[in-house]
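One structure is given below, encoded as structure tokens.
Ligands are counted one by one from 1 in listed order, and the atoms in each one are counted from 1 as well. Since we're looking at a predicted model, the values are computed, not measured. Throughout, numbering of the chain's residues begins at 1 and tracks the sequence.
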Amino acid sequence: MKYMTAEPFRIKMVESIPKSTKAQRQEWLKEAGYNAFRLKSEQVYIDCITDSGTSAMSQEQWSALMLGDEAYAGCRSFYRLEASVHEVFGMPYVQPTHQGRAADYIMTQIYCRPGAYAIGNMHFDTFRGNAEIMGCLPVDFATDAGMDTASAPEPFKGNIDLEKMRRLIDEKGAENICVVIITITCNNNGGQPVSMENIREVSRLAGQYGIPVVMDSARLAENAWFIKTREPGYQDKSIMEITREMFSYCETATMSSKKDGLVNIGGLFVTRNKEVYEKANQLAIVHEGFITYGGMSGRDMDALAVGLREVCDEHYLEYRIGQVAYLGEKLKERGVPIIEPTGGHGVYVDGRRFFPQIPQSEFPSQRLVCALYEEAGVRCVEIGACAFGAFDKETGEPIYPAIESMRIAINRRVYTNSHMDVIANALGDIYEKRDQYRGMKIVHQGSIASLRHFTAGFELL
Ligand code: F0G
């Protein structure tokens, strides 16, 4: 297939994006309290704040929408979704939810309890928020290389450190560990994949102590692609054979289908345990909706049923992961320090190495988010001192996270490589004048510390 290296689709419908001047963007940024979440999308040229719910759907998905069955109970759309879930997850029971965090909520209610530990590679914020409200204690046990934004490239930086996991179990007692959550891919340190070997070993270790394993599987096909292309023994397996093997090692999976479901809304709670499923049904009925829709419309379930199959297409995945790698290469050519290797859904710029003069207490990655928006209208998100900062329970002193980065999340099937060039050029230009930037301070924030980045207000120093 020589020459067939371009996007494996052609564009049938377009959405215009507005342009703006630097002076306008400076004004808008100030009005937004220097928090990119508070900008209006019409003020943004290229939106890389998230890869969630922003995918372009295919013509097959748009036509599936028309087949949506909106019956309250037992709609055909649910059964079509269930069939796709069986193919991809290989697990029998599925409870739809309106998005991933609702599945997180149900999972937390079933598996977690106050004062018990939840081990993970790196827990995503919405699980952390749920855990914080319940009083459950999330701990991140990614490997040392995975926690270090400057470490050398390694194929599976999303892996869980088995030794750290074993030590906590020995120290606290297995009865005080309520669950192990493997997030695939690991969003918080670069969209880094978890190897099949690690999934298998984590599952074996947890199983020895009777601790259940859950997979947070928003980016399941991207993880499977990395296993296929980087892990010996998987080259000749299909993506669905790999996803089914991944899920064979867990009891339950949650999914935000806004990522690898290739849809704009939706979530899944999937399990092999009938009792767990029945508990999930009860929680869904109270919080989401009846068992066969769980907060989704029939048409959205139909689009998801198609999207789950499409995302496993190898030509799509090659293009998808290739586009992220393309941006990573362009940034490296300009000297911009990034987490290497690039992962599944975006490029993560190392805030500390980019702005060495700005200490973590002054939010270097948030400063970079503002600088990039101001320079080129590109909107990204901070994953660093603001999003992951915590406070010591006794002294109230701030605790700074190991990961200090700005994530450039790439929407699926939305932007072309010309957009990637704009991002790389703008960041390259900022990098050349990096000495001119100073830090920021937070002037207000919300009450749930793990979610403060969504609403915090900042000032420039
Ligand atoms: N789990 C992971 C690994 C996620 O990345 C997300 C969302 C969720 C759960 C929650 O799902 O948004 O459907 O409720 N991540 C988005 C992001 C928001 O920007 O990374 P949701």
Compute the centroid of each ring, for F78 and then for Y293, and state whether the two points are separated by less than 6.0 Å. no
What about N187: any of its N or O atoms under 3.5 Å from an N or O on ligand 1?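 Between N187 and ligand 1 (N or O atoms, distance only) the closest approach is under 3.5 Å.
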Keeping the roles fixed (side chain from E382, backbone from S365), state whether a donor-acceptor pair exists under 3.5 Å.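 Flag not set: sc E382 to bb S365 has no pair under 3.5 Å.
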Under 4.0 Å from a heavy atom of [X]: which atoms of ligand 1 are those, numbered in the order shown and with their elements?
X    : result
K258 : 13 (O)
G100 : 11 (O), 13 (O), 14 (O), 21 (P)
R407 : 17 (C), 19 (O), 20 (O)
T183 : 3 (C)
T50  : 16 (C), 17 (C), 19 (O)

Less than 3.5 Å apart, any donor N or O on the side chain of N188 or Y348 sitting next to an acceptor on the other? no
Flag for R219-T185: side-chain donor and acceptor within less than 3.5 Å: no
Do me a favour and list the nearest non-hydrogen protein atom to [atom] with residue, atom name and distance?
atom                    : value
atom 10 (C) of ligand 1 : T126 OG1, 3.5 Å
atom 9 (C) of ligand 1  : F124 CD2, 3.6 Å
atom 11 (O) of ligand 1 : S256 CB, 3.2 Å
atom 15 (N) of ligand 1 : K259 NZ, 2.8 Å

Below 4.0 angstrom, N of the basic side chain to O of the carboxylate: do [X] and [Y] qualify?
X    : Y    : result
R309 : E87  : yes
E314 : K228 : yes
R200 : E197 : no

Below a 4.0 angstrom heavy-atom separation, can you tell me which part of R101, side chain or backbone, both or neither, approaches ligand 1?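 For R101, backbone and side-chain atoms both sit under 4.0 Å from ligand 1.
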Nearest heavy atom to atom 3 (C) of ligand 1, choosing from D216, D104, I181, belongs to D216
Take the angle between the ring planes of Y319 and F9 and call it parallel below 30°, perpendicular above 60°, tilted in between. perpendicular
